[in-house]
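Here's the structure, in structure tokens; my notes come after.
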Amino acid sequence: MSSINGRTAVITGAGSGIGQATARRLAAHGCPVALADWNEEGLQETADSISGPVLVRKLDVRDRQGQMAFAADVKEWMPAPLGLVFNNAGVTVMQGVADASPEDDQWVFDVNFHGVQHGVTAFLPILLEQRSGVIANTSSVFGLIGFPHQSAYCASKFAVRGYTEALRQELRGTGVHAAVVHPGGVKTNIVANARFRSDYHGDHADLASAAREFATVARTSPERAAEIIHEGVEKQKARIRVGPDAVFLDLLVRFAPSKYYNVIERLESVVRRGR
């Protein structure tokens with residue numbers, strides 16, 4: 001497979017943010033798109049903005065049988081061979097380990113990791129039968145570093161990274177490629193839709209305050225993220241870093257694997273003084 005352009009693309013979390021922007025970009029490059037999200041309103045907004053072939057399904061990615069049914073529908077519907085499966089849906093919770101809600105931690109892990117796992121299980125047989133195509137799974141910069149009050153999110157995103165890298169080795173010689181996507185600060189609704197108990201510095205009394213700050217520090221637009229992901233998939237990159245902060249943190253953790261947070265804290269203090 002020389003290109004995913006013109007081939008069918010499957011995208012979860014397509015109702016907003018990176019998923020929505022990627023759906024629009026791939027459709028503009030001739031891809032029929034099969035879109036899934038729990039948010040029906042956002043999903044329909046994405047579908048309405050696309051002029052080419054679209055399949056839409058409301059889906060909770062935690063539901064393995066739902067994912068299997070979605071894959072069966074896609075296989076029957078797809079107007080072109082399957083080029084990309086983008087397991088992108090994700091959530092987070094802001095809380096410290098000492099007072100964490102186990103239910104919230106489980107929710108994050110079920111969506112972020114098991115949602116990816118179910119998506120791979122559902123669609124991999126189609127790709128292997130074709131002997132072509134790409135699976136791209138969304139991790140995060142928090143799949144590269146540990147960050148305070150994001151323990152469940154980090155755990156889930158490290159798991160996505162390890163799972164995808166192991167999958168990539170298993171797919172050698174099959175014609176199918178696996179890539180892990182590491183977005184940095186992208187202007188999405190992930191914080192606005194998070195569950196909130198506390199933040200590390202105690203700056204935020206509620207979720208709305210945390211979401212406002214995230215909106216100011218996230219520098220990469222969803223459209224730019226979609227462009228980077230599309231180009232990375234086209235180049236068959238194994239690891240796709242989205243945004244200059246993702247590149248910086250990836251390099252930082254390589255050079256200072258046990259001291260990287262010291263650097264992050266210094267940078268945070270400089271930013272705080274500048275506000």
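All residue numbers refer to positions in the sequence shown, counting from 1.
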Would you please classify the geometry between the H230 ring and the H29 ring as parallel, tilted or perpendicular, with 30° and 60° separating the classes?
perpendicular
If the plane angle is over 60° it's perpendicular, under 30° parallel, otherwise tilted; pick one for H118 and H114.
parallel
Between [X] and [Y], is any side-chain donor less than 3.5 angstrom from a side-chain acceptor?
X    : Y    : answer
N137 : T164 : yes
E234 : S3   : yes
Q95  : S198 : no
N88  : T138 : yes
E213 : H204 : yes
S139 : R161 : no
D63  : Q67  : no

Spacing of S156 atom OG and Q150 atom CD [to the nearest 0.5 Å]
9.0 Å
Please check this pair: side chain of T92 against backbone of Y153, looking for a donor-acceptor N/O pair closer than 3.5 Å.
no
D245/R219 under side chain to side chain contact (heavy atoms under 4.5 Å, CB included): CA gap, chis, key distance, verdict
CA-CA 9 Å; D245 49 347; R219 299 297 185 184; over 6 Å; no
Could you please spell out the steps behind the side chain to side chain contact (heavy atoms under 4.5 Å, CB included) verdict for T8 and W77?
CA-CA 10 Å; T8 299; W77 166 82; 4.0 Å; yes
Strictly under 6.0 Å, is that where the ring centroids of F70 and F123 end up?
yes
Evaluate side chain to side chain contact (heavy atoms under 4.5 Å, CB included) for H177 paired with R172, printing each intermediate quantity in order.
CA-CA 8 Å; H177 178 68; R172 288 173 179 265; over 6 Å; no
